[in-house]
Amino acid sequence: MQENLAITSATHADISALCELLAILFEQEPEFEVNAERQAAGLKQILDKPEQGHVLVLRDGEKPVGMVVLLFALSTAMGGRVALMEDMVLRPEYRNQGAGSRLIQKAIEFARDSGCKRITLMTDRANVGAHDFYMRNGFRTSTMKALRLVF
């Protein structure tokens, strides 16, 4: 499988396939719900405004089989641009083969090349496999705690 894999930037033509990937992710995250209309609207906004974020797609040939989203912000603590990494997901049959590490390393490179000084991500507390994956790819546990106010 690995020989056909490439990582590219997402396009509007990818939105439907990316929504399918988000459904895989959100079905395993108790805090989120699958809603293709909302997810498509969010992806479209990111693609329409590259200064706000970027979507990288792992492709097997032309077919999207993985994705990661970077959202950009300014940090007073860091004195510049930072990224929030969201929606890292691979189709199950592509996991545990190095493809996820290739995708996340490409996202790290993209963030660094875009002037980001830090990447922050959140995972479900119970998803120990994801914690281990991110730690193997250079991330460290933060003393900060995520809180949400949803409208």
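In this text the structure is predicted, and so the values were computed from the model without any measurement. Reckoned from all heavy atoms, side chains included, excluding hydrogens, waters and symmetry mates.
- Of all the heavy atoms in Ala107 and Leu56, the pair that sits closest is CA-CD1, 3.5 Å.
- Salt bridge present: Asp14 and Arg59 bring a charged side-chain N and a carboxylate O closer than 4.0 Å.
- Within 6.0 Å of CD on Glu62 lie no more than 12 heavy atoms contributed by other residues, nucleotides or ligands.
- A distance of 12.0 Å separates CZ in Arg81 from NZ in Lys117, rounded to the nearest 0.5 Å.
- Summarising the local packing, CG of Asn96 is surrounded by 12 or fewer heavy atoms from other residues, nucleotides or ligands at distances under 6.0 Å.
- Separating the CZ atom in Arg136 from the CD1 atom in Ile104 is a distance of 10.0 Å, to the nearest 0.5 Å.
- To the nearest 0.5 Å, atoms CE (Met122) and CD (Glu31) are separated by 7.5 Å.
- With values rounded to the nearest 0.5 angstrom, Glu20 atom CD is found 12.0 Å from Met67 atom CE.
- Note: Cys19 SG to Ile24 CD1 = 12.0 Å, rounded to the nearest 0.5 Å.
- Between Asp87 and Leu25, some side-chain heavy-atom pair lies under the 4.5 Å cut-off.
- Closest approach of Leu103 and Gly66 over heavy atoms only: CD2-C, 4.1 Å.
- Applying the ring-ring contact (aromatic ring centres under 6.0 Å, His included) test to every pair with at least one member in residues 48-74, sequence neighbours left out, gives these pairs: His54-Phe110.
- Residues Leu5 and Tyr94 form a side-chain contact, since some pair of their non-hydrogen atoms from C-beta on lies under 4.5 Å apart.
- We find the CG-NZ distance between Leu70 and Lys106 to be 12.0 Å, quoted to the nearest 0.5 Å.
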